[in-house]
Structure formats: structure tokens, C-alpha cells
Visitor: 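Sending over a structure as C-alpha cells; questions will come in a sec.
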Amino acid sequence: MALERIDKWLSAGQYSRKEAKQLIKDRRVMLNGKPVTDAGQKVNADTDEVLLDGKPFSLKKYIYIMLNKPQGVVSASRSPNEKTVVDLVPEHLKRNGLFPAGRLDKDTTGFVLITDDGAFAHNILSPKHHVEKTYLVTVENPLTKDGKMRLEEGLEMRDGTRFLPAYVKQSEEDACIFEVKICEGKYHQIKRMFAAVGSPVVALKRTHIGKLALDETLQPGQARELTKEELEQITK
Ligand code: URA
């Protein structure tokens, strides 16, 4: 690749030219180990190492990361005294503005999508767009026939909250395990739904967002960037 002005190169993705110049002015950009002071300095993107705030600089406008969330971690960008899902993002994928697209409870495990793309997050979270989230639900006692039907028809809670109809399938191996698909993400939704029909949840794991399954080779606490094809499976 040809040599290019560093301010121009920096502004090919997430930053405008003006913002790129400001990053340089603020001494936040390093080229091959030295702070960049001149916006006109030349860079060879194939061979040079560019760091922003000490982290490898990515030209991609947005980033999409799959995390296998362990228990005990909060679904937030930052927290003064608790470990967050964003804290678990590996250093080479970290950038400003990362947040979880949808929250799992502290004790829920599984697939969390972390991104800096607000519009994409809004699309997959809004029930209007029908992106299903699939959960593996373990309950204290099996659902009654009536309980299952109520979940499938949609529930109205005593406080007036309405839950849309859910897909509910009992495991063939264990009567206390269910696969459940919902398009909403209301506070404690699955736990409240199952408690309302007399089968409290004892363990909850999110396995899919849209058609994309959690990569089971990721150990709890591990995360990796999604490929373009995987990202498409979320909204397919
Ligand atoms: N429903 C819940 O009750 N908790 C979660 O973490 C996700 C869905």
C-alpha cells in the first residue's frame, strides 16, 4: 500500500478528518512507537504500527464482538466496583463507545453482543424487528400444560406488563429444561414469565441472537470479533 497522510488514513473509518487531526493534536496517536505530532506525517498501513490511546487502531467504522458471559459479571459498559462485560473484551478489540446490545442478568450466562454501533443495537433489540433471542432455561419444576400454553399465548402480569407470545420447547432429555425464543428484552423477562406460571428459573443461558449461535468453543469469559457472515445471521 502506498504511503498516505496519517490524518487522511485515520479518517477512513470511524473518525472525520477534523476528529483525526484532533486525536493527533491531543497526542493520542502513536506511529511505530513515537507520538505523531504532524498530521501530514506519512503512514504505510501495511507495515507501520499505529496505536490510538495505546491500542492498535482499526479502520473499521464499527466493531461487533461475541462474548460468552460468565456468571457474576454485569451487563454494562462500566461499573465502579463490579466487573462488566466490556471489561472482558480483549485489549486488541477494545475501543471507545463499546456497550452490550441487550442486557443479561448478573447470574445469566451465554451470548452477549458487544458493539459501538448504536443503530444496529437498536434494530436487534426492538421487538418490531423480530430478532429472536434463544435461551436455555432450567426450571425448578416442569411446566404444567396450562403454564406452557400461557407462555405461548403471551402473558399479562399483575403490574400490567405484557409479554408477547414465546416459543417454548421442552427438552426430550430433561423435563426441567426448555428452549425459549422471545423477541423482547424486558427486565428479568424469562424469570418473570416462568415464575408467573409456577416454574421458577434456576439457570438461564442465552444461546442465540437471531440465527447466530454462541460459539461454544469460547470459554466463559472469552470473546472474539464476529465475521461479516456471522453478523448477517443475526438479522437474517
Ligand atoms: N430474561 C431474564 O430473566 N434474564 C436475563 O438475563 C435474560 C432474559
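Whatever order the structure lists ligands and atoms in, that order sets their numbers, starting from 1. Throughout, numbering of the chain's residues begins at 1 and tracks the sequence.
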Visitor: Could you list which atoms of ligand 1 come closer than 4.0 Å to a heavy atom of Tyr135?
Guide: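 Near Tyr135, meaning under 4.0 Å from one of its heavy atoms, ligand 1 has 7 (C), 8 (C).
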Visitor: What protein heavy atom sits nearest atom 4 (N) of ligand 1, and how far away is it?
Guide: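 Protein heavy atom with the smallest distance to atom 4 (N) of ligand 1: Asp105 OD2, 2.7 Å.
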Visitor: Which heavy atom in Thr115 sits nearest to a heavy atom in Ala121, and how many Å separate them?
Guide: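 For Thr115 and Ala121, the tightest heavy-atom pair comes out as CG2-CB, 4.4 Å.
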Visitor: Is it possible for you to say whether Leu10 and Met30 belong to one hydrophobic cluster, with membership spreading through side-chain heavy-atom contacts below 4.5 Å?
Guide: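 No, no single cluster joins them.
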Visitor: State the atoms of ligand 1, each with its element, that fall below the 4.0 Å cut-off from a heavy-atom position in Thr108.
Guide: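 Listed by number with element: 4 (N), 5 (C), 6 (O).
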Visitor: Under 3.5 Å between some N or O of ligand 1 and some N or O of Arg192?
Guide: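 Between Arg192 and ligand 1, no N or O pair is found under 3.5 Å apart.
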Visitor: With only distance considered, is His188 within less than 3.5 Å of ligand 1 through an N or O on each side?
Guide: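 The answer is yes, given that His188 and ligand 1 share an N or O pair closer than 3.5 Å.
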Visitor: Heavy atoms only, cut-off 4.0 Å: how does Val201 contact ligand 1, side chain, backbone, both, or neither?
Guide: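 Neither; no heavy atom under 4.0 Å.
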Visitor: Of all the atoms in ligand 1, which lie at a distance below 4.0 Å from a heavy atom belonging to Leu104?
Guide: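 Under 4.0 Å from Leu104, ligand 1 has these atoms: 6 (O), 7 (C).
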Visitor: Tell me whether Glu152 is salt-bridged to Lys148, with the criterion being a basic N under 4.0 Å from an acidic carboxylate O.
Guide: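 Between Lys148 and Glu152 there is a salt bridge, with a charged N closer than 4.0 Å to a carboxylate O.
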Visitor: Are Lys34 and Glu49 within salt-bridge range, i.e. N to O under 4.0 Å?
Guide: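 Answer for the salt bridge query: no.
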Visitor: Measure the distance from atom 1 (N) of ligand 1 to every protein heavy atom, then report the residue, atom name and distance (to 0.1 Å) of the closest one.
Guide: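 Going by distance alone, atom 1 (N) of ligand 1 is nearest to Ile190 N, 3.1 Å.
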Visitor: Is it true that Asp7 and Arg5 make a salt bridge, defined as a side-chain N closer than 4.0 Å to a carboxylate O?
Guide: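 Result for this pair is yes, salt bridge flagged.
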Visitor: Is any side-chain heavy atom of Glu82 closer than 4.5 Å to one of Val74?
Guide: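 Side chain of Val74 against side chain of Glu82, heavy atoms only: contact under 4.5 Å found.
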